[in-house]
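Below: one structure, written as structure tokens.
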Amino acid sequence: MFTLIDGKEVSAHVKQQVKQRVEQLRQQGIEPCLAVIIVGDDPASRVYVNNKKKACAATGIKSLEFALPAETTQQELLALIDRLMKDDSVNGILCQLPLPGHIDEKAVIDAIKAEKDVDGFSNENVGKIWLGDYDISPCTPMGVIELLDYYGISVEGKNCVVVGRSNIVGKPMAALLLERNGTVTVCHSRTKELARFTAAADILVAAVGKAKFITADMVKPGAVVIDVGMNRLPDGKLCGDVDFDSVKEKCSYITPVPGGCGPMTIAVLMKNTLAACEKQNDIQ
Ligand code: NDP
């Protein structure tokens, strides 16, 4: 028998905690504020931005949207970020990725300095995560940790295998599991005999970007399986990186897609905005 990890329930719990803290801050005259920038009209980006704005409304965080045309130059975008960095009423800045091809994403990430980098992508925040001394968490990986905590799943001493090594998911996921005293293996496209590693995992995190990539034969009986993947099938439905129907029979816990890691990413974004606001206002 497996337990379904309910990301909607856990994200609602996290957002409720944020909301209570935001109300306390408002009573002190402090209004947490997140600026969200979107360039162009990519439909998936529009959905993500709308979901982030909804989460701000649900938690009482003020949101500002800057919707820029696809032909916006890099210079114009960097000028906006510079203005928002200097604006004391803005606590967090998020620029929805991907950006149009003529804009250098690295330059944009570098322009959002650590104190307002609520995605946790800046060099400084990435370094702090590896040092175990951070206020801003990487949103998706910390969402996974929140799920594990909520269900009382300990990481300590467990074999943790992360499939995927991207800067936004795989690498920071490995750092957080290591911080929790897991024994961490990171696999990627050049890993030989991948199933040998995944089948030894007590906690398996899939962040590959390939629908139903992790099949039951790759999973250890009783493992905890976390599916970060969000893949669009030809019929338009969302599908994870894990072959849910077969894997669920073999594992102890599993996240669904949708309704697993996705809602957690946004809940952690709200937590990060709150943390940035408190830090900027010298509140411990
Ligand atoms: P990337 O494409 O940046 O990274 C994918 C990783 O998977 C790479 O490290 C790649 O290895 C590895 N990989 C690809 N093929 C294989 C293979 N055959 N065997 C082993 N490893 C392989 O993706 P992201 O990390 O950005 O995202 C991963 C998934 O998570 C996507 O479906 C994305 O949509 C989803 N996602 C979900 C979020 C959420 O909120 N739930 C947030 C962010 C992402 P290599 O480095 O060698 O190329």
Side-chain angles (χ1 to χ4, degrees), residues 5-11 14-15 36 42-55 94-99 105-106 109 118-121 126 129 137-148 160-177 184-201 204-215 217-219 225-234 236-244 254-272:
I5 296 181
D6 187 344
K8 286 187 194 160
E9 179 184 322
V10 186
S11 68
V14 171
K15 283 189 282 188
V36 181
D42 175 53
S45 292
R46 173 41 69 193
V47 171
Y48 294 138
V49 164
N50 287 349
N51 287 342
K52 287 164 188 175
K53 282 166 61 189
K54 269 190 219 157
L94 181 154
C95 186
Q96 185 65 47
L97 303 179
L99 291 166
E105 283 188 0
K106 182 78 178 69
I109 289 170
V118 283
D119 264 330
F121 291 166
V126 171
I129 289 153
S137 315
C139 295
T140 302
M142 185 50 88
V144 172
I145 297 291
E146 296 265 3
L147 289 174
L148 297 175
C160 304
V161 175
V162 181
V163 189
R165 57 171 167 179
S166 70
N167 289 339
I168 60 167
V169 189
K171 284 180 196 165
M173 186 74 254
L176 296 187
L177 291 167
V184 182
T185 306
V186 182
C187 299
H188 46 79
S189 67
R190 318 286 168 86
T191 298
K192 294 195 170 77
E193 297 181 62
L194 177 66
R196 196 162 64 79
F197 294 97
T198 58
L204 177 61
V205 181
V208 188
K210 292 188 173 161
K212 301 185 187 184
F213 181 78
I214 302 287
T215 47
D217 57 305
M218 299 169 78
V219 175
V225 179
I226 305 291
D227 190 352
V228 176
M230 288 206 299
N231 310 293
R232 211 42 90 178
L233 295 176
K237 284 193 183 143
L238 264 189
C239 171
D241 288 344
V242 175
D243 182 18
F244 183 86
I254 189 166
T255 58
V257 178
C261 296
M264 294 308 299
T265 299
I266 296 184
V268 175
L269 176 69
M270 298 299 107
K271 265 187 116 165
N272 282 345

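Counting convention: from 1, in listed order, for ligands and their atoms alike. If you read the sequence from its start, that first residue is 1, and numbering goes on from there. What you are looking at is a predicted structure, and each value in this text was computed from that prediction instead of being measured.
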Look at atom 11 (O) of ligand 1 and find which of P172, S189, G143, G262 reaches it with the closest heavy atom.
-> S189

Would you call K271 and E146 a side-chain contact if the rule is heavy atoms closer than 4.5 Å?
-> yes

Rounding to 0.5 Å, atoms CG (N272) and CG (D119) come to a distance of 8.0 Å

Which protein heavy atom lies closest to atom 19 (N) of ligand 1, and at what distance to 0.1 Å?
-> F213 CZ, 3.4 Å

Checking side chain to side chain contact (heavy atoms under 4.5 Å, CB included) for the pair I254/D227: CA distance, chi angles, key distance, verdict?
-> CA-CA 8 Å; I254 189 166; D227 190 352; 5.8 Å; no

Provide, to 0.1 Å, the distance between atom 12 (C) of ligand 1 and the closest protein heavy atom, together with that atom's residue and name.
-> G164 CA, 4.0 Å

What protein heavy atom is closest to atom 24 (P) of ligand 1, reported as residue, atom name and distance in Å?
-> S166 OG, 3.6 Å

Contact check, side chains of K106 and I109, non-hydrogen atoms, under 4.5 Å = no

The protein heavy atom nearest to atom 29 (C) of ligand 1 is G209 N, 3.7 Å

Counting heavy atoms only, name the option from D227, V144, V228, V186 that's nearest to atom 30 (O) of ligand 1.
-> V228

For ligand 1, which atoms, with element, lie under 4.0 Å from some heavy atom of T265?
-> 39 (C), 40 (O)

In ligand 1, which numbered atoms sit nearer than 4.0 Å to a non-hydrogen atom of I168?
-> 26 (O)

When the side chains of residues 262-270 are checked against the rest of the protein, which donor-acceptor pairs come out under 3.5 Å, sequence neighbours left out?
residue, atom, partner, partner atom, Å
T265, OG1, T140, OG1, 3.0
T265, OG1, C261, O, 3.4

Which heavy atom of the protein is the closest neighbour of atom 42 (C) of ligand 1, given with residue, atom name and distance?
-> T140 OG1, 3.2 Å

Taking side chain as C-beta onward, heavy atoms only, is T185 less than 4.5 Å from C160?
-> no

What protein heavy atom sits nearest atom 44 (C) of ligand 1, and how far off is it?
-> V169 CG2, 3.9 Å

Heavy-atom side-chain contact between R190 and R165 under 4.5 Å | yes

What is the nearest protein non-hydrogen atom to atom 5 (C) of ligand 1, stated with its residue, atom name and distance?
-> V208 O, 3.3 Å

I168 and P138, any side-chain heavy atoms less than 4.5 Å apart | no

When you look for heavy atoms under 4.0 Å from ligand 1, do you find them on the side chain of K210, its backbone, both, or neither?
-> side chain

contact_flag A207 ligand 1 heavy-atom lt 4.0 Å = yes

Residue pair M173 / V144, side-chain heavy-atom distance below 4.5 Å | yes

T191 heavy atom under 4.0 Å from ligand 1 | no

Could you find the nearest protein heavy atom to atom 8 (C) of ligand 1 and give me its residue, atom name and distance?
-> R165 N, 3.9 Å

Give the minimum heavy-atom separation between I214 and V163, together with the two atoms involved.
-> CD1-CG2, 4.3 Å

Applying side-chain contact (heavy atoms from CB on, under 4.5 Å) between F121 and each of L97, N167, L94, V126, report the one that passes.
-> L97

M230 N/O to ligand 1 N/O under 3.5 Å | yes

Which of the atoms of ligand 1 are close to N231, meaning less than 4.0 Å from one of its heavy atoms?
-> 32 (O)

